[in-house]
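In the text below, chain A, chain B and the rest are named by the order of the sequence lines, each starting its count at 1. Since the model is a prediction, treat every value here as computed from it, not as a measurement.
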Amino acid sequence: MKPRVRYAPSPTGHLHIGNARTALFNYLFAKRHAGTFIVRIEDTDLARNVESGIASQMAHLRWLGIEPDESIDHGGAYGPYRQLERLTLYATYAEQLLKQGHAYKCYCTSEELEAEREALKAAGDDKLHYSRKCLHAPAQDAPYAIRFKVPENTTWTFDDMVKGTVTFQSDDIGDWVMVKQNGIPTYNFACAIDDHLMAITHVLRGEDHITNTPKQMMVFEALGWTPPVYGHMTLIVNEQGKKLSKRDGAILQFIEQYKDLGYLPEALFNFIALLGWSPPIEAEIFTQDALIEHFDARRLSTSPARFDRAKLTYINQQHIKLLDSEALKTVCHPFLQTAGLLEGKDDAFVDSVIDVFRDRLTYGAEIVSLYHDFFDENLVLSAESREFLRSVEDVRPLLATFADKLTELDETPTPDAYKNLIKETGKICGMKGKNLFMPIRIAASGSMHGPDLPKMMHLLGIETLKQRFAHILQDDLSF
RNA sequence: GGCCCGUUGGAGAAGCGGCUUAACUCACCAGCCUUUCACGCUGGCAUUCACGGGUUCGAAUCCCGUACGGGUCACCA
């Protein structure tokens with residue numbers, strides 16, 4: 001049987017990295033087994049819905065390369081794919097459960113419930129379950145919620161795809177609300193109904209849903225249905241080992257933020273796939289197709305996945321290396337453009353900028369800071385550079401010679417022209433290797449680290465170079 | 001507090017009872033390459049798997065307990 005899996009976001013905002021990961025693993029699972037990947041919008045919390053949230057989520061899913069087979073945008077035989085459009089369906093089943101005695105109307109107000117919980121807490125009760133005081137309440141002409149009547153002395157056991165056998169007892173679950181006073185179903189109810197109606201075979205979701213599972217299973221049982229296979233993936237945690245909180249500013253958590261910084265979608269896809277899952281082969285740079293080919297749900301990790309930004313950086317850099325120059329140009333161009341670095345520059349200039357930096361670029365937007373680091377007007381010698389200059393004998397004559405030679409060049413020397421110049425300078429001064437290149441590099445860029453020297457000089461332009469050499473030669477001998 | 005889950009080097013993370021004197025990757029260090037820088041390549045980097053018991057001829061791997069960490073206990077999803 002071909003699996004049918006779903007990603008069921010609530011449209012409360014942008015695509016979060018944790019949600020993206022849920023979507024991604026479901027997608028991988030579906031594609032790996034030639035199944036169907038469905039996106040269902042769970043918008044039953046009216047207060048938290050953000051209308052633009054749906055479009056944003058769908059757009060970023062697509063940007064990541066995750067294309068649903070069935071969704072509000074793609075249609076399908078199991079629609080509608082938005083819960084608010086399925087209200088009559090839920091009402092039908094709620095009615096049935098009510099009739100069969102699996103559910104009952106609850107007339108308690110939120111104040112009463114709150115007071116009840118407070119009392120339990122004060123009494124030292126640690127379960128804080130609903131008292132069931134409305135279980136036999138006569139019908140009233142008042143607003144009501146519908147509660148699921150949790151069967152007594154029952155054990156729910158399921159074979160979790162990642163955790164193994166997991167068990168819950170009736171005693172640990174209070175009668176929960178399945179339809180709110182406003183007539184809209186709660187998550188656990190709507191989710192169970194839809195998973196059945198949409199013929200979902202496997203549910204891969206975050207571990208934070210594990211305690212919801214028995215609630216959903218009891219709906220399936222009451223209605224005589226067979227629940228899907230569940231799999232609960234470990235949470236993604238931050239440096240402190242805490243669940244990623246959307247309010248945590250220390251980590252960029254939304255796909256959009258990475259997109260805006262010029263991260264590559266295929267790299268992000270690769271990185272996220274490694275969050276709580278490990279490939280069966282010794283590699284870690286994967287294309288989406290390779291990931292689909294190697295995906296195996298049995299390799300989903302049981303311990304929390306640490307969000308490691310350094311790893312992301314590395315993976316992105318590796319994917320950048322895979323790009324041909326045209327593709328890399330497409331990535332970098334907008335950033336150079338917005339930074340105003342392209343004013344009066346031609347295409348060849350863009351090509352050289354990218355060529356010079358491609359080896360050390362870790363994400364698109366970085367091209368701008370790399371550029372500034374090395375080509376800023378006010379260059380400042382790093383401490384390391386000064387120290388090096390002091391350690392080399394006869395630095396000054398060397399730099400003077402080079403500066404002198406510079407005046408002999410034409411207006412737009414090629415990288416090779418600079419290379420020859422360095423060579424000649426070395427010959428004249430009797431210097432070579434590091435002692436030759438490094439002082440020139442420092443004079444030109446202020447730093448001991450940077451792109452290939454001749455290429456860099458070419459980019460910098462002869463006028464800037466002349467200024468910089470003049471500047472450093474004016475400097476005190478001690479630098 | 002109840003219930004559920006986890007704990008391997010500076011970091012991520014393999015490992016599923018003997019092939020492990022613990023893979024791979026990042027970071028770091030050293031060397032090579034490059035007349036510089038970077039990329040790349042090669043090598044180094046846990047006598048040890050939170051701790052304490054137990055099972056076994058044999059345990060990071062199984063069992064129990066302790067500690068620590070996390071998740072969840074809503075008319076949120």
Side-chain angles (χ1 to χ4, degrees), chain A residues 8-12 19 42-45 47-48 106 108-110 113-114 117 121 124-130 143-147 160 162-164 166-169 171-174 176-188 190-191 205-214 232 234-235 237 239-243 274-285 298-299 301-308 310-315 317 321 356-360 419 422-423 426 431-442 445 447-456:
Chain A
S10 61
T12 54
N19 292 133
E42 308 217 325
D43 52 358
T44 53
D45 184 351
R48 294 205 306 161
C106 173
C108 296
T109 63
S110 48
L113 293 170
E114 186 51 38
R117 267 194 293 269
K121 214 180 280 182
D125 182 296
D126 45 34
K127 289 191 173 127
L128 308 181
H129 290 167
Y130 175 60
Y144 63 87
I146 301 176
R147 281 185 189 271
D160 192 283
V162 353
K163 304 278 183 196
V166 180
T167 300
F168 289 93
Q169 315 284 344
D171 285 354
D172 298 323
I173 308 168
W176 49 280
V177 171
M178 48 178 252
V179 179
K180 302 179 241 182
Q181 249 179 31
N182 63 5
I184 295 178
T186 59
Y187 164 73
N188 283 121
C191 178
R205 64 202 343 181
E207 191 182 321
D208 47 343
H209 280 292
I210 202 160
T211 49
N212 286 323
T213 306
H232 292 90
T234 61
L235 266 10
V237 299
E239 312 283 300
Q240 289 77 240
K242 301 254 201 238
K243 176 185 176 184
L274 263 20
L275 246 28
W277 179 79
S278 61
I281 58 171
E282 274 184 12
E284 53 183 8
I285 303 302
R298 288 171 302 189
R299 297 189 63 84
S301 171
T302 52
S303 52
R306 176 106 31 179
F307 183 92
D308 186 353
K311 195 78 164 193
L312 205 208
T313 300
Y314 171 74
I315 290 176
Q317 191 171 20
K321 286 188 203 303
V356 153
F357 289 119
R358 81 170 292 148
D359 277 344
R360 61 189 80 216
K419 193 165 188 172
I422 298 171
K423 214 182 270 182
M431 295 174 91
K432 60 177 182 177
K434 201 164 188 163
N435 283 171
L436 166 64
F437 273 74
M438 207 44 90
I440 296 175
R441 168 181 289 283
I442 292 170
S445 73
S447 169
M448 291 181 72
H449 313 276
D452 179 76
L453 195 43
K455 281 182 184 173
M456 177 171 83

Exercise. With a 4.0 Å cut-off on heavy atoms, is A/Asp452 in touch with a base, just the backbone sugar-phosphate, or nothing at all?
Worked result: base
For this session: Under the salt bridge (charged side-chain N to carboxylate O under 4.0 Å, His left out) rule, collect the residues that match up with A/Lys423, sequence neighbours excluded.
Result: none
Exercise. Of all residues at least two apart in sequence or in a different chain, which pass the salt bridge (charged side-chain N to carboxylate O under 4.0 Å, His left out) check with A/Lys455?
Worked result: A/Asp355
For this session: Using a heavy-atom cut-off of under 4.0 Å over every strand shown, decide if A/Ile173 touches base, sugar-phosphate, or nothing.
Result: nothing
Exercise. Which stems does RNA chain B form, counting runs of 3 or more consecutive Watson-Crick or G-U wobble pairs with both distances under 3.5 Å?
Worked result: B:1-7 with B:67-73, B:10-12 with B:24-26, B:28-32 with B:40-44, B:50-54 with B:62-66
Seminar exercise, completed: Sorted by chain and residue number, the salt bridge (charged side-chain N to carboxylate O under 4.0 Å, His left out) partners of A/Arg48 (sequence neighbours excluded) come out as A/Asp45
Exercise. Considering only the C1' atoms, how many Å lie between B/rU21 and B/rA46, rounded to the nearest integer?
Worked result: 12 Å
Seminar exercise, completed: Applying salt bridge (charged side-chain N to carboxylate O under 4.0 Å, His left out) to A/Asp171 and not counting sequence neighbours gives none
Exercise. How is A/Met448 classified with respect to the nucleic acid when contacts are heavy atoms under 4.0 Å: base, sugar-phosphate, or nothing?
Worked result: sugar-phosphate
Exercise. Hey, does A/Lys243 reach any base, or is it just sugar-phosphate, or nothing, if we go heavy atoms under 4.0 Å?
Worked result: sugar-phosphate
For this session: Determine the contact category for A/Thr167: base if any of its heavy atoms lies under 4.0 Å from a base atom, sugar-phosphate if only primed atoms, P, OP1 or OP2 are that close, otherwise nothing.
Result: sugar-phosphate
For this session: Taking all heavy atoms of A/Leu128 and all of A/Lys121, pick out the closest pair and write down the distance.
Result: CD2-N, 3.8 Å
Exercise. Roughly how far apart, to the nearest Å, are B/rG54 and B/rU61 at atom C1'?
Worked result: 15 Å
For this session: Have a look at A/Asn212 and say if it touches a base, only the backbone sugar-phosphate, or nothing, with a 4.0 Å heavy-atom cut-off.
Result: base
Exercise. Between atom OG of A/Ser110 and atom CZ of A/Arg117, what is the distance when rounded to the nearest 0.5 Å?
Worked result: 9.0 Å
For this session: Remember a base hit wins even if backbone is also touched, and classify A/Ala305 as base, sugar-phosphate or nothing at under 4.0 Å, heavy atoms.
Result: sugar-phosphate
Exercise. Within a radius of less than 6.0 Å around NZ of A/Lys242, do more than 12 heavy atoms belonging to other residues, nucleotides or ligands occur?
Worked result: no
For this session: Select base, sugar-phosphate, or nothing to describe what A/Cys106 touches, counting heavy atoms under 4.0 Å on all strands.
Result: nothing
Exercise. Which part of the nucleic acid, if any, lies within contact of A/Arg48, taking any heavy atom under 4.0 Å across all strands shown: a base, the sugar-phosphate backbone alone, or nothing?
Worked result: base
For this session: Taking atom C1' in both B/rU20 and B/rU47, compute the distance separating them and give it to the nearest angstrom.
Result: 12 Å
Exercise. If you pin A/Ala283 and A/Asn182 to their nearest nucleotides in RNA chain B, which one's is more 5'?
Worked result: A/Ala283
Exercise. Rounding to the closest angstrom, what is the interatomic distance between B/rG44 and B/rU55 at atom C1'?
Worked result: 39 Å
Exercise. Checking all strands, does A/Arg358 fall into the base, sugar-phosphate, or nothing category for heavy-atom contacts under 4.0 angstrom?
Worked result: nothing
Seminar exercise, completed: At a 4.0 Å cut-off to heavy atoms of chain A, the contacted part of RNA chain B spans B/rG1 to B/rA77
Exercise. When we call it a touch if two heavy atoms are under 4.0 Å apart, what does A/Ser445 touch: a base, just sugar-phosphate, or nothing?
Worked result: nothing
Seminar exercise, completed: Between A/Lys419 and A/Ile210, whichever has its closest RNA chain B nucleotide further toward 5' is A/Ile210
Exercise. Which value, in whole Å, describes the distance between the P atoms of nucleotides B/rU72 and B/rA30?
Worked result: 45 Å
Problem set entry | A/Met438 CE to A/His449 NE2 distance, which is reported to the nearest 0.5 Å | 7.0 Å
For this session: Kindly indicate whether the side chain of A/Asn188, heavy atoms from C-beta on, has any atom under 4.5 Å from the side chain of A/Met178.
Result: no
For this session: Would you mind classifying the nucleic acid contact of A/Lys163 as base, sugar-phosphate or nothing, using non-hydrogen atoms under 4.0 angstrom?
Result: sugar-phosphate
For this session: Identify whether any heavy atom of A/His129 sits under 4.0 Å from a base atom; if not, whether one sits that close to sugar-phosphate; answer base, sugar-phosphate or nothing.
Result: nothing
Problem set entry | Enclosure of A/Tyr130 OH (heavy-atom neighbours >12, cutoff 6.0 Å) | yes
Exercise. B/rU25 and B/rG40: how far apart are their P atoms, nearest whole angstrom?
Worked result: 13 Å
Problem set entry | Interatomic distance at P, B/rG65 relative to B/rC75, whole Å | 33 Å
Exercise. How would you label the contact of A/Pro451 with the nucleic acid (heavy atoms, under 4.0 Å): base, sugar-phosphate, or nothing?
Worked result: base
Exercise. In a check of side chain to side chain donor-acceptor pair (under 3.5 Å) between A/His232 and each of A/Glu207, A/Lys163, A/His209, A/Arg205, which one passes?
Worked result: A/Arg205
Exercise. In whole Å, what separates the P atom of B/rC49 from that of B/rC41?
Worked result: 33 Å
